[in-house]
Amino acid sequence: MSATNYIKRYQTLASSLSGQNLPWLNTLRQLALGSFSASGFPSPREEEWKYTNVTALEKKLFAPSSVSASATVDKEWLETHKLADTWSLVLVDGHFDLLLSDLAGLPDEVIATGISSALENQPDRVKALFGTSLGTESHGFLAFNTAYFSDGAFIGIPAGIVLEKPIQILHVSTRNEALSNTRSLIGLSKNAEAKLIETFVGLLGISYLTSAVTEIHLSENADLDHYKLQVETDKAYHFGGVYVKQEKSSRFNQHNLSFGGLLARNEIHTELAMAAECEMNGLFLAKNRQHVDNHTLIHHIEPHGISRETYRGILADRARGVFQGRIVVHPQAQKTSAEMNNRNLLLSEDAEIDAKPQLEILADDVKCSHGVAVGQLDPESIFYLVSRGVDRETAKNMLTFAFANEMVEKIGLESLRGRVQEHLLNLFPQTGIRRDWL
Amino acid sequence: MLKIENLHVRIEDKPILKGISLHIKPGEVHAIMGPNGSGKSTLSHVLAGRDGYEVTEGTVIYKDKNLLEMPPEERAREGVFLAFQYPVEIPGVSNVYLLKAALNAIRKHKGLSELDAFDFLQMIKAKTKLVEMDEKFLYRAVNEGFSGGEKKRNEILQMAVLEPSLCILDETDSGLDIDALKIVSDGVNSLRSADRSFILVTHYQRLLDYIKPDQVHVLAQGRIVKSGDASLALELEERGYGWIDQTVGVAA
Ligand SMILES: Nc1ncnc2c1ncn2[C@@H]1O[C@H](COP(=O)(O)OP(=O)(O)OP(=O)(O)O)[C@@H](O)[C@H]1O
Ligand SMILES: [Mg+2]
């Protein structure tokens, strides 16, 4: 694919990118630009992208914004997307906005700021984390992101610190035809514990591109709950990748909630060292002509790791969903326990799902299982409800909601759980479903 | 209450019910017994309005209305209740949610207002006691992971809450231990009234020791081959179905 449009348009941008004065970053940006120039955005010919065609992006040209438009952001609207009782970092059109953020009361030793200011004030700390969780990952979006990221969140939690409140990174898009291109780095030192929510939203009706890469490094015995709530507008393009490196005995508990966007690709990749644990929960809903692609990858590289993956998809109208879940158990990773399960509900004849679980087991003493199911609402269940006096429409909605809600109930964070239920009820026919009864 | 006349039903192209006639007056309890595969569940399902059955002949009049023309939810709202032989597990929908949704749908149909949260909870707790179920079952998903006996008890709980006029119990006694059988029977007996009728599908005369039927019918190969009073069940218990099949053979 050719990305010359973007490269031309973005030439002018080079001088305004963060970390200009840092040779190591410039080198990385140059390398990435070289690779993006050569291959552009990912093509469906690539195995890992074969169900998702992003050629539409080539024809559009999403413009980067050089500064935050914070002054023009409707504060009330923004508040509706903030979760109660959290610290927040707000990124507007790809730029960290301190004024809209709320970091009061954060322990002094915790770092939470924009990555551009971190590159100015503590470049060595950024350098230490940058790229470490990405490993050998590479594709067009990652190259694009590294070459051009404008800003992002930078969070560092020192050893032994247990954050009492969650941190929310709110990715906000406010301009039509614009790009938000962010790189966020999250590091938890030994025994640190935190909860992090990344929310992606856009102003009603606008079309834009989000390209967000989050690298997470969990040191020994660190514990992170990571929630991604993707509720972009129905004209938005979303690429969001979360790449995690888990040291010994660390825990990563992830919820990928993907409801918005015209085209969305979620990548959640992790690598588990000795006795590390990860849980990946995914819920994706798509209707009309939405396309949502979930690409997960779990590398067990050392013994005694545990991974639990549960994904559910609901596809209506002409929507298309993808679940590509891959688990690799490396030869040294004996005593690994890995489970993957994916269930998908098709609500219309025209909806489609491509579900592709892949287990590559290279060690012999392991416990691994996977299961995938695709189906419609069960007529027996519908009849059971209807035979109790519930009308057919309500019965179907109850079953659809229940299918999704089983994933929602796994969300430990109460404020987020309520929010997600609201999204569910707004997205799908809710006739007969009563929030106050749930 | 219910008048079934010459009911013929097919599944796909296979005739299952071959001319059933049955009259049930308000307040009566009718037991239906008969060998496996004779059509008892089919009859129950057809009355409840399940898809997949083709009525080729006959009529069913319920409270002066043509039952077969009503969609299943309307039958339920008009007071028909089927306790399933195999209750369905519905993950993600809590028992209490279903009870609320069902009860309010029925109340709305009757022109009544929704019960407020407090009254509903009081009522539901009382009914839970009636079937000696732990209240925590109310907040579990409908039948999910319930034992066989718990599922059956849950059916009776729903029945007690919805207060139907025609209760069809399809082998609700199967799989119950002795104590549960007693509890379920007590539950049913407490619901008996002059304007509520029951069809008890069962294989065991023991249920009928607890719930005394007005009539007992034997269904075999899609026909009611014998009807009688409670003593018929005793006789069946002793002699099995063989002798009846023979009489039918002779009559035919
Ligand atoms: N979907 C179906 N397709 C084909 N045949 C069916 C179907 N459902 C039921 N039948 C057949 O209809 C006949 C009657 O079944 P039904 O379930 O009504 O019997 P039953 O009297 O309730 O038996 P049991 O005592 O074992 O519960 C059986 O021969 C059964 O195999
Ligand atoms: Mg049966």
Side-chain angles (χ1 to χ4, degrees), chain A residues 281-283 285 310-314 341-345 347 371 373 375-411 417 420-421 424-425 428-438, chain B residues 44-45 47-52 70-84 86-110 114 116-117 120-121 139 141-144 151 154-155 157-159 161-164 168 170:
Chain A
N281 297 300
L283 176 62
L285 312 181
T310 313
Y311 264 70
R312 284 196 184 178
I314 302 180
N341 186 277
N342 168 230
R343 287 174 59 196
N344 305 291
L345 185 57
L347 295 180
Q376 282 104 32
L377 291 173
D378 171 34
E380 299 273 324
S381 304
I382 296 174
F383 177 66
Y384 188 78
L385 297 176
V386 164
S387 78
R388 297 311 183 231
V390 174
D391 65 89
R392 186 166 286 269
E393 202 51 37
T394 298
K396 287 182 178 176
N397 293 342
M398 276 167 75
L399 293 170
T400 306
F401 181 80
F403 181 76
N405 199 42
E406 282 192 289
M407 292 308 297
V408 178
E409 306 233 297
K410 290 174 177 248
I411 296 173
R417 200 164 56 231
V420 170
Q421 272 177 350
L424 278 182
L425 293 177
F428 276 92
Q430 47 182 330
T431 314
I433 299 181
R434 293 273 300 267
R435 185 140 209 257
D436 53 327
W437 294 354
L438 294 173
Chain B
S44 310
H45 288 148
L47 294 178
R50 184 168 152 157
D51 294 341
M70 295 185 206
E73 64 269 35
E74 197 181 325
R75 300 183 195 194
R77 292 169 190 176
E78 288 283 333
V80 176
F81 182 92
L82 168 63
F84 285 60
Y86 304 109
V88 183
E89 298 195 9
I90 318 234
V93 175
S94 72
N95 244 337
V96 69
Y97 192 99
L98 172 56
L99 289 169
K100 263 184 208 164
L103 182 67
N104 283 322
I106 291 170
R107 287 179 66 91
K108 191 168 162 203
H109 183 76
K110 291 181 178 160
E114 216 169 72
D116 76 45
F120 175 78
L121 209 63
Y139 302 97
V142 177
N143 294 324
E144 192 188 30
K151 284 181 183 166
N154 203 27
E155 296 290 285
L157 171 67
Q158 293 174 4
M159 188 171 93
V161 170
L162 302 180
E163 301 185 324
I168 306 160
D170 190 358

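Numbered from 1 within each chain, the chains take letters A, B, ... in sequence-line order. Computed from a predicted structure; not experimentally measured.
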Which donor-acceptor pairs sit under 3.5 Å apart between chain A and chain B?
residue : atom : partner : partner atom : Å
E380(A) : OE2  : R50(B)  : NH2          : 3.0
Y384(A) : OH   : N143(B) : ND2          : 3.3
Y384(A) : OH   : E155(B) : OE2          : 2.3
Y384(A) : OH   : Q158(B) : OE1          : 3.4
Y384(A) : OH   : Q158(B) : NE2          : 3.2
R388(A) : NE   : Q158(B) : OE1          : 2.6
R388(A) : NH1  : L82(B)  : O            : 2.7
R388(A) : NH2  : L82(B)  : O            : 3.0
R388(A) : NH2  : E155(B) : OE1          : 2.7
R388(A) : NH2  : Q158(B) : OE1          : 3.3
G389(A) : O    : R77(B)  : NE           : 2.8
G389(A) : O    : R77(B)  : NH2          : 2.9
G432(A) : O    : Y97(B)  : OH           : 3.4
R434(A) : N    : Y97(B)  : OH           : 2.8
R434(A) : NH1  : E114(B) : OE1          : 3.4
R434(A) : NH1  : E114(B) : OE2          : 2.8
R434(A) : NH2  : E114(B) : OE1          : 3.1

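- Contact record, A402(A) with P91(B): CB-O, 3.5 Å, taken as the closest heavy-atom pair.
- When heavy atoms are compared at a cutoff of 4.5 Å, V96(B) does not approach chain A at all.
- Between chain A and the options L99(B), L98(B), V142(B), the largest number of non-hydrogen pairs under 4.5 Å is found for L98(B).
- Taking chain A as the reference chain and counting heavy-atom pairs below 4.5 Å, the highest number among A141(B), A102(B), P164(B), A117(B) is found for A102(B).
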